Amino acid sequence: MIWRFIARRTAMLVVTVLVASIVIYGALFIAPGDPATLLVGGGKPPSPRVIEEIHRQYHLDDPFVQSYWRWLTGMLHGDAGQSLSYRDSVTHLITDRMGNTLFLVAYAALLIILPGVALGTLAALRGGLGENLITVVTTTLMAVPTFVISVLLIWWLSVRWGWFPAYGSGVGFAGRIEHLTLPALALAASWLAYVAQVTQAAVRAELASEHVETARSRGIPERFVLRKHVLRNAAGPIFSVSGVAVAGLIAGASIVEQAFGVNGIGALLIQSAAKQDLAVVQTLALITVVVFVAVNTLVDVVTAALDHRVSLEAGA
Amino acid sequence: MNRPQPLLAIDELHVTLPFKGQPRTVIQRVDLTVPAGSAVGLVGESGSGKSMTARAVLRLLPGGARTGGKILFDGADVTTMSPAALRKLRIHDVAMIFQDPRAHINPVRTIGDFLTEALVTTRGVRPRAAEATVTALLREVGIADAARRLRQRPSELSGGLLQRVMIAAALAAEPRLLLADEPTTALDVTTQAEVMAIIDEARAERGLAMLFITHDLALAAAVCDRIAVMYAGSVVEELPADRLHDGARHPYTRALLASRPAPGSGGSLRAIPGRPLPAYETGPGCAFGTRCSQAQEVCGAERPLPRSGGGGTTACHFPVDPLVPQATTGAGDRSTTHG
Amino acid sequence: MSSYQIASLGRGLIRSSRLRSFVRGHGVLAAAGAVVAVVVLASVCAPLIAPYDPNAVDVMAVSQGRSAAHWLGTDDTGRDILSRLLYGARLSLLAPAAVVLIAGVLSSALAVSAAWLGGWWDRTVSALLDVVFGFPGLVLAVVAAAVFGAGLTVAVVALSVAYLPYIGRVVRNAALRECQLPYVSALRMLGMSGWRICLRHVVPNLLPIALVQVTMSFGYALLDVAAFSFIGLGTQPPTAEWGLMVANGTSGILAGRPEQSLYAGVAIVVFVIACNLIGNGLSTRLQGETR
Amino acid sequence: MADSLPPPALEVTGLRKTFGDFTAVDDVALTIAPGGSLAVVGESGSGKTTTARMIAGLEKPTAGTIRLNGRGRPGVNARTSERREFAREVQMVFQDPYASLDRHQKIGDCIAEVLTLHTDLRGPARAARTAELLEQVGLDERHAASLPRALSGGQRQRVAIARALAVQPRLLVLDEAVAALDVSVQAQILTLLQHIREQTSVAYLFITHDLGIVRHICDEIAVMRHGRVVESGAADTVLTDPQHPYTRKLLDSVPVPGWKPSRVLATADTVPSVPGTEASKGDAGNRP
């Protein structure tokens with residue numbers, strides 16, 4: 001059952017990525033005007049000679065399917081073309097910045113999952129005033145946009161108290177920790193609240209479930225009931241939501257990088273979009289979609305392994 | 001009564017649950033005894049409070065529930081028991097079989113985990129020894145390929161098999177009292193007969209007492225020694241099972257019997273007007289008064305108390321004399337509304 | 001079950017848990033409704049109540065603190081912050097409203113028709129929603145901005161597409177359940193036309209679910225639109241908009257003057273909390289009503 | 001059978017339904033005389049509900065013919081006008097009283113909508129007919145003005161019956177129509193159904209798992225198992241003198257005074273399902 005589920009989800013992943021790549025590449029041609037201008041970037045009309053050169057270089061005059069295929073295979077081989085506005089190869093631009101973004105996302109994921117699950121579990125098990133407090137805090141936090149948190153953190157922890165630098169990416173592990181702590185906090189805040197709320201709800205739902213009633217009716221010690229029944233059964237939804245949160249970080253990273261001046265691929269995406277440098281935007285969009293869909297698929301598969309009911313339902 | 005001390009004695013049990021911040025009565029008054037080794041059927045329609053009564057015995061009521069009266073198990077009051085004593089009661093003395101095994105058995109763990117868990121965590125039995133014990137029990141409840149079943153998950157078993165697993169789990173605790181809450185309601189009628197037979201045999205072998213919760217009067221009468229009929233949160237009649245069909249004195253019991261004549265009996269169908277009420281919707285008088293064909297003025301004003309007579313007790317101002325044949329309540333009258 | 005469905009299950013769980021009793025117990029719903037009403041009213045009446053023209057530059061009053069003349073101070077070009085907040089509410093609310101309305105109507109139509117007609121159409125719609133779900137909303141909007149140029153309209157259209165699966169999947173599942181209900185079979189047997197059953201019976205029963213979904217999405221759409229303006233690809237200066245105001249204020253933060261960012265940020269947070277509470281309240285009412 | 005006789009209300013032959021490899025209904029034949037009443041009895045997985053749904057036109061048969069009042073039934077995707085015309089042949093009452101009414105439609109409107117669709121009654125005449133139909137099932141104008149949510153399970157089932165009767169069908173399929181109700185309310189609905197049949201000469205196809213109630217409502221019984229009819233005949237005969245071992249096992253499983261559950265019954269489970277010859281012999285007894 002689980003293998004069929006994995007096969008289905010993998011097939012869905014490939015189809016989604018293929019369709020997404022067609023849309024991303026096709027964006028060149030649905031834009032008004034000559035696609036070559038978008039590849040030059042900058043929005044200024046280039047000279048006819050440059051246009052002609054680009055048409056040849058990107059095979060823009062070939063049939064769509066052919067040029068798309070060339071683009072896609074190029075991507076698969078790590079050749080994403082040249083950025084004219086950055087005067088560099090796209091691959092180089094991205095590999096240069098990849099490390100910062102990965103570090104930031106991993107850091108934020110850590111900040112989300114451990115405290116989020118702990119807070120949510122605590123709230124559900126303890127109840128009372130503490131739970132109400134956590135509920136109020138997480139509800140508020142979920143409504144605070146990433147960029148506002150960024151601004152607040154810069155204001156308090158950087159400008160007023162001078163704990164952390166407000167700008168830049170840092171070098172080396174210690175330097176990165178120092179520079180990326182605020183961005184990671186900003187990125188993590190609302191997702192942390194989300195994970196905490198879902199954890200709290202999932203644990204509460206299991207606490208009230210019939211099979212927990214059975215376990216209690218048999219006199220099974222409460223710590224076993226909590227570990228083997230409540231937390232064990234809540235693990236599926238909690239893991240799944242945490243996975244969704246991590247996937248969401250990948251998209252959210254660009255805003256934080258922009259706000260904190262982190263030299264990552266998210267900021268690159270925004271800046272190249274502002275310059276209308278489509279060669280870079282296309283590559284980054286494709287990478288983001290692939291990672292986003294892959295993480296979601298992975299999460300689904302692991303969730304199914306944790307809780308076999310998921311794959312059964314999907315198969316039905 | 002000069003009977004020996006019963007295993008379970010419920011005395012004027014009253015339970016309220018919070019609803020929108022207000023306590024709401026779900027059990028009005030239950031008096032019930034289960035002698036050691038005997039089976040008592042607690043019969044009622046939906047909302048009568050029969051399930052809640054069984055849960056009260058193990059203190060499994062929802063949060064915010066308030067309990068009045070006494071529930072004595074072997075002389076000890078469950079309602080005021082210390083947590084340690086309550087746990088001992090749950091581990092050693094009373095086991096419960098629930099109506100819906102699919103919801104009541106942890107769906108993500110294996111059948112083996114479910115069965116051995118209690119033995120391992122509460123009695124310190126070694127996992128391998130526990131597995132041997134439950135394998136034998138599974139065979140006893142009619143599951144042949146026990147070893148394979150132990151590795152399966154609940155979703156791979158049919159409802160009938162799961163209910164047998166639930167019974168095996170209850171027997172594994174070697175209890176003295178079995179609380180069976182509609183154990184066969186979700187099952188097909190042929191499976192029901194098998195499952196009831198398994199429970200019956202296991203009880204006979206072990207001298208187990210049972211409180212059997214059901215909506216099916218005929219089934220309760222067939223497998224129990226005594227029957228208690230509940231209506232709107234109160235036990236309205238209690239009598240020996242073999243006297244049910246011709247010795248019932250409460251109009252509700254008689255009307256319920258007439259609503260479901262046995263397939264081959266030739267009796268004709270008689271409906272009770274109205275719908276069954278939960279305890280909190282009843283007035284000051286007899287809860288059944290509004291649906292009773294023999295109700296008189298006093299029935300609407302004064303709640304009847306249980307009175308002994310004819311080998312049982314009846315809570316009715318005008319109990320029927322079973323020797324005098326008569327047309328019971330609101331015979332098949334189509335104009336009866338409020339269904 | 002996809003992770004999205006579990007995530008929405010998560011949301012369902014959240015709704016049914018603590019928050020719900022909290023919301024019900026404290027009349028928070030009424031308060032949230034009042035906040036939304038006041039803000040909407042203020043944005044509509046901005047020309048009447050705003051003390052200044054939101055774009056009036058006053059070089060004599062640059063970066064001032066709170067004063068009797070400027071209740072919330074002025075920004076780095078001397079524009080009145082309160083006036084810009086009031087005017088800014090218009091775009092800040094209108095754009096996400098457009099996003100969820102377009103996405104809500106379009107996805108509900110797709111979802112209901114998919115569930116009702118079934119077959120290849122249902123498979124097509126489901127696949128479409130799955131593919132769109134692969135694009136994080138902001139990434140789709142960024143690509144759109146790269147192709148069509150920065151601007152609020154591009155952002156609204158792109159986000160409307162990105163929000164399709166969030167509303168569509170929930171409505172489709174609800175519609176599938178609804179179409180399976182015996183009353184639909186009963187009406188078919190009575191010889192009622194499919195159109196009539198679908199439009200007169202199924203759709204009205206799904207409307208509350210779609211509405212709750214739209215309300216719940218509104219807060220997120222507001223955050224996304226503001227974020228898009230914040231990174232400079234949405235609303236363009238000098239137009240007043242909350243996300244843009246936060247961005248404009250960042251230069252002041254390093255100089256120790258966070259007011260502009262702070263006020264705009266607080267406006268966003270308060271409004272989104274109010275919307276989320278209303279969404280929760282509505283879905284609680286809805287759960288109470290089914291049955 | 002002479003031509004002068006009216007055609008049977010329902011005549012099903014060779015009915016078959018497969019889902020993938022699984023055969024849910026296999027070579028089923030049923031007949032109900034005009035105004036007659038047949039109970040199809042079986043446990044879960046016997047194919048009784050699938051049979052009912054095919055007769056009602058909600059499921060497409062894999063093979064076999066269904067004739068109602070002598071007419072072939074239009075397919076699942078039939079045109080609206082065709083379905084509307086056929087609505088007078090067969091109607092259905094479902095098991096779940098909570099889901100068989102549109103929860104946003106008042107009871108009165110629900111009935112009136114059907115009358116608008118099928119009759120020329122409008123205005124006061126339609127209102128009068130609505131009230132009459134509701135009265136027939138024991139409901140009054142107070143109920144007519146309320147939403148389903150305000151009604152109990154039994155009352156909702158009454159509404160479902162009234163809605164079906166509004167088109168004056170020749171056959172009413174009752175799919176476990178009382179299974180979800182309390183015992184005391186079940187008896188009310190069964191009595192109501194008895195009275196309606198006496199008054200309107202509608203025929204019943206009563207699908208149930210509950211042998212205990214069939215005798216009160218049906219003249220004939222067909223017992224189904226694993227998608228086949230294993231025994232059929234007059235209700236009294238089948239209930240008192242069952243021929244097929246499975247029917248006997250079913251009857252023996254019903255608790256009656258003096259009944260004791262025994263695991264001997266469990267061994268009866270191993271009786272192989274009876275080959276087609278015996279099943280079709282059983283069918284023959286079903287003809288009036």
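All values below were derived from every heavy atom in this structure, side-chain atoms included, with hydrogens, water molecules and symmetry-related copies excluded. Everything quoted here is computed from the prediction, not taken from an experiment. By convention in this document, chain letters (A, B, ...) are assigned in the order of the sequence lines, proteins followed by strands, and residues within each chain are numbered from 1.
At a 4.5 Å heavy-atom cutoff, the contact between C:Leu223 and chain A is made by backbone and side-chain atoms alike. Contacts between A:Ile30 and chain C at a heavy-atom distance below 4.5 Å involve backbone atoms as well as side-chain atoms. Heavy atoms of A:Leu152 lying under 4.5 Å from chain C belong exclusively to its side chain. Of the two parts of C:Ala150, neither the backbone nor the side chain holds a non-hydrogen atom closer than 4.5 Å to a non-hydrogen atom of chain A. The contact between A:Thr288 and chain C is made entirely by side chain atoms (from C-beta outward), counting heavy-atom distances below 4.5 Å. Residue C:Leu222: no heavy atom, backbone or side chain, is found under 4.5 Å from chain A. For C:Ile231, the parts sitting under 4.5 Å from any heavy atom of chain A are the backbone and the side chain alike.
Annotation for C:Ala227 and A:Ile255: closest pair CB-CD1, 3.5 Å, computed over non-hydrogen atoms. Heavy-atom minimum distance, A:Phe292 versus C:Gly134: CD2-O, 3.3 Å. Contact detail for A:Pro145 and C:Val269: the closest heavy-atom pair is CD-CG2, 3.9 Å. Nearest heavy-atom pair across A:Ala143 and C:Asn276 is CB-ND2, 4.4 Å.
Between chain A and the residues C:Val270, C:Asp130, C:Ile273, C:Val143, the largest count of heavy-atom pairs under 4.5 Å involves C:Ile273. The choice from C:Val266, C:Leu233, C:Leu138 that makes the most heavy-atom pairs within less than 4.5 Å of chain A is C:Leu233. Comparing C:Phe228, C:Phe271, C:Phe148, C:Phe135 by how many heavy-atom pairs each has under 4.5 Å with chain A, the most go to C:Phe135. In terms of non-hydrogen atom pairs under 4.5 Å with chain A, the most contact-rich of C:Gly265, C:Ala226, C:Gly249 is C:Ala226. Interface check for chain C: of the options A:Val289, A:Thr199, A:Val17, A:Val148, the most heavy-atom pairs under 4.5 Å are formed by A:Val289.
Looking at C:Phe230 and A:Thr146, their side chains never come closer than 4.5 Å, going by heavy atoms from C-beta outward.
Note that the OG atom of C:Ser261 and the CZ atom of A:Phe147 stand 9.5 Å from one another [nearest 0.5 Å]. For the atom pair OH of C:Tyr220 and OG of A:Ser190, the computed distance is 8.5 Å after rounding to the nearest 0.5 Å. Atom OG1 in C:Thr250 sits 7.5 Å away from atom CD1 in A:Ile154 (nearest 0.5 Å).
C:Gln236 CD: more than 12 foreign heavy atoms inside a 6.0 Å radius.
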